[in-house]
Protein chains: 2
Amino acid sequence: MNQATAATNLKQETPVNRLHNFCAGPASLPTEVLLKAQAEMLDWEGKGVSIMEMSHRSSDYVKVAQEAEQSLRRLMQIPDNYKVLFLQGGATLQFSAIPLNLLGNQDGKGKADYLTTGAWSGKAIKEAKRYAQLGLGEVNEVASSKDSNFTTVPEQSEWQLTEGAEYFHYCANETIHGVQIFQPPQVDAPLVADMSSCILSEPIDVSKFGLIYAGAQKNIGPAGLVIVIIREDLIGKASEWCPALLDYANQANKDSMLNTPATYSWYLAGLVFEWLEQQGGLEAIAKINRQKAELLYKTIDDSEFYINNVDSQYRSIMNVPFTLKDSSLDAQFLAEAEQAGLLNLKGHRDVGGMRASIYNAVSLESVQALCDFMIEFANKQA
Amino acid sequence: MNQATAATNLKQETPVNRLHNFCAGPASLPTEVLLKAQAEMLDWEGKGVSIMEMSHRSSDYVKVAQEAEQSLRRLMQIPDNYKVLFLQGGATLQFSAIPLNLLGNQDGKGKADYLTTGAWSGKAIKEAKRYAQLGLGEVNEVASSKDSNFTTVPEQSEWQLTEGAEYFHYCANETIHGVQIFQPPQVDAPLVADMSSCILSEPIDVSKFGLIYAGAQKNIGPAGLVIVIIREDLIGKASEWCPALLDYANQANKDSMLNTPATYSWYLAGLVFEWLEQQGGLEAIAKINRQKAELLYKTIDDSEFYINNVDSQYRSIMNVPFTLKDSSLDAQFLAEAEQAGLLNLKGHRDVGGMRASIYNAVSLESVQALCDFMIEFANKQA
């Protein structure tokens with residue numbers, strides 16, 4: 001095809017088919033963001049190329065990247081002594097990068113505390129312990145809620161904290177188990193938090209954290225991007241065993257462009273941040289998120305038909321797992337939900353039942369539609 | 001916005017503005033691919049969600065992922081005893097992953113050979129040597145063309161090969177220096193080749209390689225994806241120091257879905273593979289690539305105005321660096337080229353001058369337009 005004559009200017013004509021998407025991740029994105037990305041896909045701002053066909057070192061792209069970072073900094077009120085990194089490999093690669101960076105070159109003397117509250121914090125400690133056993137340091141599980149099937153968070157009074165720990169790791173929101181820790185734990189060590197599935201869902205005080213990381217594919221953008229927000233004094237302590245690309249110092253020195261970053265994902269993240277600012281920022285989105293969660297938990301609790309066993313003070317406002325009292329109806333529930341345009345409600349294989357992920361881009365109307373369906377489905381079986 | 005009423009159906013009306021893009025990467029993508037991605041961005045195949053809003057474990061997405069792999073296997077005629085992995089972190093993260101996987105748990109006894117022919121193979125050996133010094137094994141530079149400013153490839157007769165090496169690493173195409181090794185070196189050790197900027201540009205015999213890797217952002221798709229093609233007997237030898245996500249065995253066992261992969265990039269790669277098959281596959285595209293390269297090198301060589309110093313047998317058919325005899329005209333050349341719709345011709349900072357990257361998606365017409373401009377510019381200065 002002759003590139004100069006490819007025909008494509010867009011005209012919005014008929015309503016697009018957009019259903020209610022409760023996927024845990026890669027998750028729903030704001031329709032407005034996708035419309036904008038779609039409109040400028042072949043020709044970004046009249047430059048004659050797509051943003052994904054542009055050098056990451058070009059002035060145009062660098063501006064896009066920096067504006068995304070600035071928007072995130074405004075949204076989360078990130079203090080100036082924190083670096084924001086746009087990296088690859090998801091939160092899972094950070095499970096390795098964190099001990100490799102923060103246990104550091106301590107000649108086996110570095111110590112770290114981990115709190116286990118579900119599948120993801122469980123994976124994080126598993127990888128950290130693997131490195132500890134190789135001599136990188138000492139990794140201590142301060143407590144685990146495994147005995148409760150991860151339906152609550154162990155009381156802090158029972159945590160076995162390590163004096164002088166380099167960091168304290170926890171998962172602020174367990175995507176699979178639907179357990180959220182709303183208040184940052186008050187411990188002496190720098191807090192390292194996996195916020196993959198709750199970042200940007202409500203305001204937090206970043207200054208209470210040493211490091212926050214989040215895979216993008218829930219509240220930020222497409223999969224393939226992970227954001228690391230790190231206090232500057234924690235940078236520069238990496239073990240020699242750390243791959244050069246995973247060393248936060250290398251990436252911070254190069255503004256996350258040590259090599260070619262995931263440029264299109266970064267751009268899309270910027271569009272999501274812009275959309276969030278247009279919605280009124282994190283206070284505004286948190287208000288809607290709480291409404292959505294309250295509505296859904298009330299629907300579950302008011303019924304004799306649906307169950308959510310999570311300790312009420314730790315119920316996630318982003319991921320709501322629930323079971324049907326009669327699990328033989330699961331398949332029928334899912335089939336009828338899908339017919340009603342309510343997608344991706346199947347629970348994670350580790351937990352079973354159902355799960356509704358109600359991230360920022362899932363509207364109150366979508367949650368209302370789900371609740372209406374749930375009530376109707378329950379009534380039909382009565 | 002009510003998702004159900006978002007208006008967006010596309011109508012192609014006026015010609016889109018697509019200029020000639022010679023970017024070294026992230027590079028030009030086929031217009032047809034971007035048109036298709038654009039058309040289905042909000043609603044993939046009538047499912048009511050974007051492909052980037054879909055679980056990587058959903059049957060729809062798994063089919064997309066598998067079809068992409070199958071298409072790549074057809075294009076490159078990849079034998080059945082090779083795994084194809086769709087990973088993150090670019091070729092640079094593979095610079096770490098390769099020694100971590102292939103020097104392996106050899107108690108410091110593993111050996112590897114590296115050939116240095118430019119900036120990228122130089123970075124690869126630097127990272128491998130770092131690991132060798134930590135006790136992972138022994139890394140040997142068999143030869144370097146640094147003395148020639150990387151304008152040629154050292155004669156194989158002068159290579160200092162290591163007996164019993166676990167692998168032999170080289171970069172098949174040096175993106176910055178414009179040096180391409182067309183024939184796989186004939187050595188005893190398994191060949192490990194960085195093909196980031198030449199993969200899919202012409203047919204190769206995959207069976208001659210142990211491992212081929214390629215960052216996507218040249219001939220495959222958007223940045224943020226790296227493809228690893230690895231012979232099965234080389235899987236499962238990783239050092240314990242290898243981050244779990246970088247261990248080829250873990251990824252091969254999970255079909256590259258140990259964690260959430262870069263789903264949208266993988267999907268786009270599939271569209272590029274499909275496009276390549278529609279063009280007639282690698283034989284057909286290689287024919288065009290050779291025409292493009294011959295045309296451009298002839299324009300350079302026929303002039304008294306432009307210079308390319310690369311040894312003619314190793315001149316890359318993908319990346320063509322050239323200088324103006326009078327470098328004081330560089331800025332004017334670039335400015336006038338951009339005005340003529342010829343973008344991203346500035347050379348890499350390590351080399352200076354100009355560089356035209358003429359990957360698969362850059363048409364013969366674009367190269368012709370460049371050559372016409374170059375001749376005209378030179379004539380104006382005469």
Side-chain angles (χ1 to χ4, degrees), chain A residues 1-19 21 23 25-29 31-32 34-35 37-38 41-43 46 48-50 52-55 88-90 92-93 96 127 134 217 222-224 240-241 243-245 259-260 262-265 343-344 363 365, chain B residues 1-19 21 23 25-29 31-32 34-35 37-38 41-43 46 48-50 52-55 88-90 92-93 96 127 134 217 222-224 240-241 243-245 259-260 262-265 343-344 363 365:
Chain A
M1 181 184 298
N2 185 326
Q3 296 192 335
T5 58
T8 183
N9 263 21
L10 304 182
K11 186 145 193 198
Q12 294 172 19
E13 288 215 328
T14 55
V16 68
N17 174 40
R18 294 277 292 164
L19 300 180
N21 184 8
C23 191
S28 188
L29 288 166
T31 297
E32 295 91 330
L34 293 176
L35 283 170
Q38 182 184 48
M41 177 153 252
L42 281 92
D43 176 21
V49 300
S50 174
M52 76 174 90
E53 299 172 302
M54 228 176 248
S55 169
Q88 297 181 53
T92 300
L93 194 51
S96 312
E127 180 71 351
L134 294 174
Q217 66 272 17
E240 292 175 312
W241 285 100
L245 202 67
N259 72 336
T260 313
T263 54
Y264 194 65
S265 304
L343 307 183
N344 301 313
S363 68
E365 291 157 282
Chain B
M1 182 187 296
N2 185 326
Q3 295 193 337
T5 59
T8 184
N9 264 20
L10 305 182
K11 188 145 190 196
Q12 293 171 21
E13 290 215 326
T14 55
V16 68
N17 174 38
R18 295 276 291 164
L19 300 181
N21 184 8
C23 192
S28 189
L29 289 165
T31 297
E32 295 91 331
L34 292 176
L35 283 169
Q38 181 184 48
M41 176 153 252
L42 281 92
D43 176 22
V49 301
S50 174
M52 76 174 90
E53 300 172 301
M54 230 176 244
S55 170
Q88 298 180 53
T92 301
L93 194 52
S96 312
E127 181 71 351
L134 294 173
Q217 66 272 15
E240 292 175 312
W241 284 101
L245 202 67
N259 72 335
T260 314
T263 54
Y264 194 65
S265 303
L343 306 183
N344 300 314
S363 67
E365 290 156 283

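Reckoned from all heavy atoms, side chains included, excluding hydrogens, waters and symmetry mates. Below, chains carry the letters A, B, ... as their sequence lines are ordered, and counting in each starts from 1.
- In terms of heavy atoms, Gly90(B) sits closest to Asn259(A) at CA-ND2, 4.1 Å.
- Counting heavy-atom pairs closer than 4.5 Å to chain B, the top residue among Thr92(A), Leu343(A), Leu134(A), Thr263(A) is Leu134(A).
- Residues Leu29(A) and Met52(B) meet the side-chain proximity criterion, which asks for heavy atoms closer than 4.5 Å.
- Contact between Gln217(A) and Thr260(B) at its shortest, heavy atoms only, is NE2-OG1, 3.3 Å.
- The two residues Gly46(B) and Asn17(A) have their closest heavy-atom pair at O-ND2, 3.2 Å.
- In this structure, chain A has a heavy atom under 4.5 Å from the backbone of Ala27(B), while its side chain stays farther away.
- Within the 4.5 Å cutoff, no side-chain heavy atoms of Leu245(B) are placed close to those of Ser96(A).
- Here the shortest heavy-atom pairing between Met41(B) and Leu34(A) reads SD-O, 3.7 Å.
- Residues Leu93(A) and Gln88(B) have side chains not in contact (no heavy-atom distance under 4.5 Å, counting atoms from C-beta outward).
- For the set Pro222(A), Ser265(A), Gly89(A), the entry with the most heavy-atom pairs within less than 4.5 Å of chain B is Gly89(A).
- Listed here is the closest heavy atom pair of Leu42(B) and Gln38(A): CD1-OE1, 3.3 Å.
- Rounded to the nearest 0.5 angstrom, Asn21(B) CG and Glu53(A) CD are separated by 5.5 Å.
- Between chain B and the options Gly25(A), Ala223(A), Gly224(A), Pro26(A), the largest number of non-hydrogen pairs under 4.5 Å is found for Pro26(A).
- Between Met54(A) atom CE and Asn344(B) atom CG the span is 8.0 Å, to the nearest 0.5 Å.
- Of the possible polar contacts, one joining the Glu127(B) side chain to the Ala244(A) backbone as a donor-acceptor pair under 3.5 Å is found.
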